[in-house]
Amino acid sequence: MQEPKIDIVGNSLGGYLAIQLAARLPSSKVRRICLLNATPLWGANLPGFNGILPANFLARNVGFRLFDLIRKTVTIKSYLNAAYHQFNDDELVQLIQNVTTNNQGGHAAFASILFTPNAGLPSTDEAIRMIPQDSEVCLVFGANDPWCTPAVARAFARRFQAKTMLRYFSLKNCGHCPNNEQPTITADIISNPTSATSQQPETDFSPSNPFETFQTNFLFK
C-alpha cells in the first residue's frame with residue numbers, strides 16, 4: 001500500500017518553517033507546499049544568547065522591556081489593526097492582554113522566542129533551491145499585508161518559478177492572516193489550487209522596481 005503524501009501549510013513565520021521542512025523531505029513524501037503570507041526571514045539574533053532559558057542579563061532585560069511595551073492594550077490593538085485589513089474585535093484584544101498578565105513566565109518565553117538564533121538553518125533562497133523540482137507550490141498572500149507585502153509575495157513567486165507547478169494567489173481586502181480573514185476562499189485554494197473557483201491565480205511576478213528583493217522589501221520598506 002502506497003503511503004499517502006502530505007500537504008505542508010504555514011502562515012507567516014510558519015511559512016518560513018514550512019519551506020525549511022519541505023527542503024528536508026523527499027518529493028515522495030510531499031504532495032503540496034502552501035505558504036500563506038510567509039515571511040522569508042527569522043527573528044533577531046542576540047550575540048551571546050542561544051535562546052535557552054534562563055536568559056542572560058541582556059536578553060532578560062531587553063525582553064522584559066519589549067514584552068511590557070507590546071502587551072499594552074493600545075499596542076496589541078495597533079498590531080492587530082495592521083495585520084488585518086479590517087479589525088474590530090475588542091474581545092480578542094482583551095483575551096490576548098489577559099494571557100500576558102498571569103505572571104507564568106511570559107517575559108522569559110518572549111525573550112527566548114525573540115532572540116533565539118535560527119539553529120544554522122539555510123537561508124530561504126538556499127532552502128527553496130533544495131526543494132525538489134517537481135514540487136507543487138501554492139502561494140497565498142493578502143494584498144493588504146503591511147509586512148509581507150505584495151513585493152515580498154512576488155519575490156517568493158520568482159524564486160519558486162523554476163518549480164514544475166506554481167500558483168500564486170493575491171487576495172484583495174485581506175491582510176496578514178488570510179486563513180482567518182477569508183477562511184472559505186483560503187480553504188478552497190489550499191484544498192485544491194488547480195480548480196479553486198473563488199480566486200484566479202496571479203501570473204505577473206515581475207518586480208515593481210529593479211532593487212526588489214526579500215531583504216529590501218521585508219526589512220526596509
Side-chain angles (χ1 to χ4, degrees), residues 1-43 51 83-84 113 116-145 147-172 174-206 213-214 217-218:
M1 183 177 179
Q2 188 176 8
E3 185 177 351
K5 294 185 176 184
I6 64 171
D7 290 356
I8 303 176
V9 183
N11 172 232
S12 189
L13 183 56
Y16 170 92
L17 297 174
I19 293 172
Q20 298 291 337
L21 176 60
R24 285 160 173 72
L25 294 176
S27 58
S28 60
K29 298 284 187 181
V30 180
R31 184 182 70 155
R32 184 180 301 131
I33 306 158
C34 294
L35 307 179
L36 314 179
N37 287 72
T39 169
L41 304 174
W42 188 260
Y84 290 86
I113 294 170
T116 297
N118 64 11
L121 296 176
S123 70
T124 299
D125 281 330
E126 292 170 336
I128 289 175
R129 287 193 291 268
M130 293 164 61
I131 294 174
Q133 183 72 21
D134 59 350
S135 297
E136 182 179 347
V137 180
C138 178
L139 307 178
V140 182
F141 277 75
N144 301 98
D145 189 341
W147 303 311
C148 297
T149 64
V152 173
R154 289 193 297 269
F156 264 115
R158 290 196 302 276
R159 284 157 173 78
F160 276 111
Q161 204 166 5
K163 306 304 176 186
T164 304
M165 298 179 64
L166 167 66
R167 289 174 180 83
Y168 160 41
F169 298 86
S170 178
L171 305 187
K172 297 179 180 179
C174 185
H176 190 64
C177 307
N179 50 312
N180 186 264
E181 295 179 82
Q182 297 191 19
T184 302
I185 293 176
T186 303
D188 184 30
I189 293 173
I190 290 175
S191 61
N192 195 352
T194 59
S195 62
T197 58
S198 56
Q199 192 78 16
Q200 291 298 313
E202 300 282 334
T203 57
D204 182 12
F205 310 146
S206 60
T213 66
F214 279 152
N217 282 284
F218 191 79

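The analysis underlying the following values was restricted to heavy atoms, covering all of them including side chains, and did not include hydrogens, waters or symmetry mates.
- Listed here is the closest heavy atom pair of P40 and V152: CD-CG1, 4.1 Å.
- Minimum interatomic distance between A22 and P132 (heavy atoms only, all atoms of both residues): O-CD, 4.4 Å.
- Among L171, V140, I190, N179, the single residue meeting the side chain to side chain contact (heavy atoms under 4.5 Å, CB included) criterion with I185 is L171.
- Interatomic distance, CG of L17 versus OG of S12, reported as 9.5 Å (0.5 Å rounding).
- For the pair Q182 (side chain) and K172 (backbone), a donor-acceptor distance under 3.5 Å is present.
- The shortest distance between side-chain heavy atoms of L25 and I6 falls below 4.5 Å.
- Considering CG of D145 and SG of C174, their distance stands at 8.5 Å, rounded to 0.5 Å.
- In terms of heavy-atom proximity, N37 sits nearest to G142 at OD1-N, 2.8 Å.
- When all heavy atoms of L139 and A153 are compared, the pair lying nearest together is CD1-O, 4.3 Å.
- Y16 approaches P122 most closely through the heavy-atom pair OH-O, 4.2 Å.
- Residue D125 holds its CG atom at 4.5 Å from CZ of R159, rounded to the nearest 0.5 Å.
- Partners of E181 by side-chain hydrogen bond (donor to acceptor under 3.5 Å, both in side chains), not counting sequence neighbours: none found.
- To the nearest 0.5 angstrom, T184 atom OG1 is 11.0 Å from I189 atom CD1.
- Using a 30° and 60° split on the angle between ring planes, F141 and F156 fall in the tilted class, from 30° to 60°.
- Of the possible donor and acceptor atoms, one in the side chain of N11 sits under 3.5 Å from a partner among the backbone N and O of H176.
- With values rounded to the nearest 0.5 angstrom, S123 atom OG is found 8.0 Å from Q20 atom CD.
- For K29, the NZ atom is loosely surrounded, since the number of other residues' heavy atoms within 6.0 Å does not exceed 12.
- Between the OG atom in S191 and the CZ atom in R32 there is a gap of 7.5 Å [rounded to 0.5 Å].
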